[in-house]
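Worksheet for the structure shown next.
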Amino acid sequence: MSTSYEPNSVAQTLLFHLARTPGAVHRDDLAKAAGTSKDYAGRVLSKMVKRGRIQRVGRGTYNLPRLTETE
């Protein structure tokens with residue numbers, strides 16, 4: 001059985017860059033880091049917000065949710 005290499009999805013790449021960057025990150029910067037268009041990155045980020053994976057903290061800026069001590 002052979003294993004083929006599959007590059008990370010855009011969503012995975014966006015999450016990776018959010019995790020590596022302190023504070024909120026603008027959609028345009030995330031799109032550039034993921035090698036995709038700003039529009040497509042915006043759609044993917046919007047879906048991740050709806051699923052609770054990330055937070056929208058301002059117009060076009062996103063951050064990972066931070067856990068509190070009670071969680």
Side-chain angles (χ1 to χ4, degrees):
M1 181 158 100
S2 67
T3 305
S4 64
Y5 172 75
E6 291 186 27
N8 289 336
S9 71
V10 171
Q12 289 172 324
T13 304
L14 294 171
L15 283 172
F16 174 76
H17 286 288
L18 277 171
R20 290 188 60 214
T21 308
V25 185
H26 195 271
R27 175 207 64 185
D28 296 356
D29 297 326
L30 291 167
K32 184 176 179 181
T36 191
S37 72
K38 296 172 189 177
D39 289 338
Y40 185 69
R43 289 193 301 272
V44 173
L45 290 164
S46 178
K47 287 179 185 178
M48 288 194 290
V49 168
K50 288 177 184 174
R51 291 181 182 140
R53 297 185 78 188
I54 63 173
Q55 295 174 328
R56 183 174 182 251
V57 295
R59 185 176 180 141
T61 55
Y62 300 87
N63 202 353
L64 289 176
R66 303 291 178 216
L67 296 176
T68 61
E69 289 183 28
T70 58
E71 292 183 288

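Residue numbers run from 1 in the order of the sequence given. None of the values given here were measured: they were computed from a predicted structure.
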- Message: Contact between Thr61 and Arg27 at the side-chain level, heavy atoms closer than 4.5 Å - yes or no?
- Response: no

- Query: According to a 4.5 Å side-chain heavy-atom criterion applied to Ile, Leu, Val, Met, Phe, Trp and Tyr, with indirect links allowed, do Phe16 and Val49 form part of one hydrophobic cluster?
  - Reply: no

- Task: Indicate the atoms forming the closest heavy-atom contact of Ser37 with Ala31, along with that distance.
- Result: O-CB, 3.7 Å

- Item | side chain to side chain contact (heavy atoms under 4.5 Å, CB included) between Ile54 and Asn63, intermediate numbers included | CA-CA 6 Å; Ile54 63 173; Asn63 202 353; over 6 Å; no

- Query: Any idea which heavy atoms bring Met48 and Leu15 closest together, and the distance?
  - Reply: SD-CG, 3.8 Å

- Drop me the distance from Leu45's CG to Lys50's NZ, to the nearest 0.5 angstrom. 12.0 Å

- Query: Where do Arg56 and Arg59 come nearest, in terms of heavy atoms and distance?
  - Reply: NH2-CA, 3.4 Å

- Closest non-hydrogen contact found for Leu14 with Ala34 is CD2-CB, 3.9 Å

- Message: Test side chain to side chain contact (heavy atoms under 4.5 Å, CB included) on Tyr62 and Gln55; report intermediate values, then the result.
- Response: CA-CA 6 Å; Tyr62 300 87; Gln55 295 174 328; over 6 Å; no

- Query: In Å, rounded to the nearest 0.5 Å, how long is the span from CZ of Arg53 to NZ of Lys47?
  - Reply: 12.5 Å

- Item | Residue pair Val57 / Ala24: nearest heavy atoms and the distance that separates them | CG2-CB, 3.4 Å

- Exam field: side chain Thr21 to backbone His17, donor-acceptor pair closer than 3.5 Å: yes

